[in-house]
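In what follows, a single structure is set out as structure tokens and then discussed.
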Amino acid sequence: MTPIGIVITVFRGGCQVVSEDQVCDLKLIGRHAQQGLSLAVGDEISFDPEKEIVLERLPRRTRLRRLRRRSEQVIAANMDQLAVVASFLEPSFRPGAIDRFLLAAHAGGLEPILIVNKLDLLKGEPLPEEVRVYERILPVFTLCARTGKGLPPLREKLRGVRTVLAGHSGVGKSTLLNALEPELRLETGEVTSMKKGRHTTSRAIWIRLAGDAVVVDTPGLREIGTGPVDPDLLDEVYPDVARFASDCRFRDCRHDREPECSVRAATERGELPPARLVSFQRLIAEIDAERRDSSQAR
Ligand SMILES: Nc1nc2c(ncn2[C@@H]2O[C@H](COP(=O)(O)OP(=O)(O)OP(=O)(O)O)[C@@H](O)[C@H]2O)c(=O)[nH]1
Ligand SMILES: [Mg+2]
Ligand SMILES: [Zn+2]
């Protein structure tokens, strides 16, 4: 029977796989090399162990991808969860970026969770409302990777599943993994050097943690892009908006200038933070633009 391996690193012209607890390097040859078969960490492939070559890539169950202007890059495949990692400060908490990552999770079939790091920088202040909004929507873990405060519930959530970590450079993804597993000694960086556009982690890597957990650390992403996705996915990213939208007069209401809009009414009554509506509208405008762009390309 042809063996199956899981891709744990991708490099130029090949990849490293793990198969039955053995790690081996494989090459891409023939049509795969010519057509540049795209592989991502987490991909399952069949391979020829004698020739050390990749035969086929198996269909992906889930994917985290970056889509922009018709170019696609799969960052990780076959993961169960996407942990969006942000920080309270340095770099500052950016809801618009988080919503884009959540959309990417729903579009790729991943269960999203949110990790907000650098709790120490809050200096005992209560959690900002812009963070608390998310607690009503998905599992949120606020913690300090530096001191280990808040780690145990996250450790539980990672148990037995495969999680890909994604977020801006400098939020502390690698520091967090080092806190979960001190033996890892992943390289971490100074935020000052990141301002110059340097990323400390340079490629996605597959890491096995205790408790049968697999995590994939990724380089910081500045932009994930929405791609020309189905706008109905926004109901999953913004369930707090969708809850009111069912009462709007128009089924396809964008909650902008339409009459009898229940979402705008909810913001006026103080039942929905206006920032949530603004973020929703930005994302839907971006999706519209991407869809126009891709239909013109056809
Ligand atoms: N104050 C504070 N700083 C932290 C904490 N966690 C990480 N840092 C710092 O944040 C900086 C960036 O950490 P990294 O772990 O390299 O960030 P990253 O998200 O892996 O960055 P990329 O690999 O570039 O995507 C380092 O200087 C860390 O020491 C924390 O809980 N509190
Ligand atoms: Mg890193
Ligand atoms: Zn409306």
Side-chain angles (χ1 to χ4, degrees), residues 64 66 68 75-76 81-105 112-155 157-158 163-182 184-205 207 209 215-225 237 273-276 278-279 282-283:
L64 174 65
R66 188 181 197 176
R68 205 158 174 84
I75 297 159
Q81 293 186 143
L82 169 63
V84 181
V85 188
S87 50
F88 286 100
L89 285 165
E90 296 174 28
S92 55
F93 189 77
R94 290 188 35 210
I98 289 164
D99 296 345
R100 279 181 174 73
F101 280 110
L102 297 183
L103 178 64
I113 64 172
L114 175 63
I115 297 170
V116 194
N117 185 30
K118 311 201 185 184
L119 189 57
D120 53 320
L121 300 181
L122 268 190
K123 302 203 161 69
E125 294 280 316
L127 292 192
E129 181 56 27
E130 59 177 2
V131 174
R132 303 206 45 199
V133 164
Y134 291 97
E135 293 184 326
R136 295 170 216 133
I137 295 174
L138 80 166
V140 177
F141 301 86
T142 55
L143 49 86
C144 176
R146 222 173 235 182
T147 61
K149 190 176 175 198
L151 283 190
L154 176 65
R155 211 185 278 280
K157 190 71 184 167
L158 301 179
T163 307
V164 52
L165 261 58
H168 288 158
S169 189
V171 294
K173 298 178 291 297
S174 302
T175 307
L176 171 61
L177 293 176
N178 284 337
L180 287 166
E181 191 85 60
L184 280 174
R185 296 197 189 90
L186 297 173
E187 199 192 336
T188 61
E190 283 309 314
V191 175
T192 46
S193 68
M194 281 151 202
K195 283 192 187 129
K196 295 179 196 134
R198 269 200 285 144
H199 293 188
T200 306
T201 304
S202 57
R203 61 165 69 162
I205 47 164
I207 298 160
L209 299 177
V215 290
V216 170
D217 190 14
T218 66
L221 295 177
R222 193 162 297 146
E223 244 325 325
I224 184 130
V237 181
R276 292 291 291 162
V278 170
S279 174
R282 277 205 196 121
L283 222 51

Can a donor-acceptor pair be found, under 3.5 Å and without considering hydrogens, that links the side chain of [X] to the backbone of [Y]?
| X | Y | answer |
| --- | --- | --- |
| K149 | L119 | no |
| R185 | N178 | no |
| R100 | G96 | yes |
| T218 | L165 | yes |
| K118 | E90 | yes |

Rounded distance [0.5 Å steps], [atom1] in [X] versus [atom2] in [Y]:
| X | Y | atom1 | atom2 | value |
| --- | --- | --- | --- | --- |
| L143 | L180 | CG | CG | 8.5 Å |
| I98 | H168 | CD1 | NE2 | 8.5 Å |
| L209 | R155 | CG | CZ | 8.0 Å |
| I207 | L177 | CD1 | CG | 5.0 Å |
| C144 | L176 | SG | CG | 10.5 Å |

Side-chain heavy atoms of [X] within contact of [Y], under 4.5 Å:
| X | Y | answer |
| --- | --- | --- |
| L82 | T163 | no |
| Q81 | P112 | no |
| V216 | I75 | no |
| T142 | F88 | yes |
| V215 | V164 | no |
| L64 | I224 | yes |
| V116 | F141 | no |
| L114 | E135 | no |

Looking at every heavy atom in both [X] and [Y], which two are closest together, and how far apart are they?
| X | Y | result |
| --- | --- | --- |
| G170 | P91 | O-CD, 3.6 Å |
| P153 | G150 | CD-O, 3.4 Å |
| L283 | D99 | CD2-O, 4.0 Å |
| G220 | K173 | CA-NZ, 3.7 Å |

**Study point:** S87 side chain to N117 side chain, donor-acceptor N/O pair below 3.5 angstrom
**Key:**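 The answer is no; no qualifying pair exists.
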**Study point:** Geometric cation-pi criterion, R276 with Y134: 6.0 Å, 45°
**Key:**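 Yes - R276 lies over the ring of Y134, closer than 6.0 Å to its centre and within 45° of its axis.
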Exercise for review: Please step through salt bridge (Lys or Arg N to Asp or Glu O under 4.0 Å) for the pair R136 and E129, ending with a clear verdict.
Suggested key: CA-CA 11 Å; R136 295 170 216 133; E129 181 56 27; 3.0 Å; yes
Review point. I113 and V140: side-chain contact (heavy atoms from CB on, under 4.5 Å), yes or no, with the steps?
Key: CA-CA 6 Å; I113 64 172; V140 177; over 6 Å; no
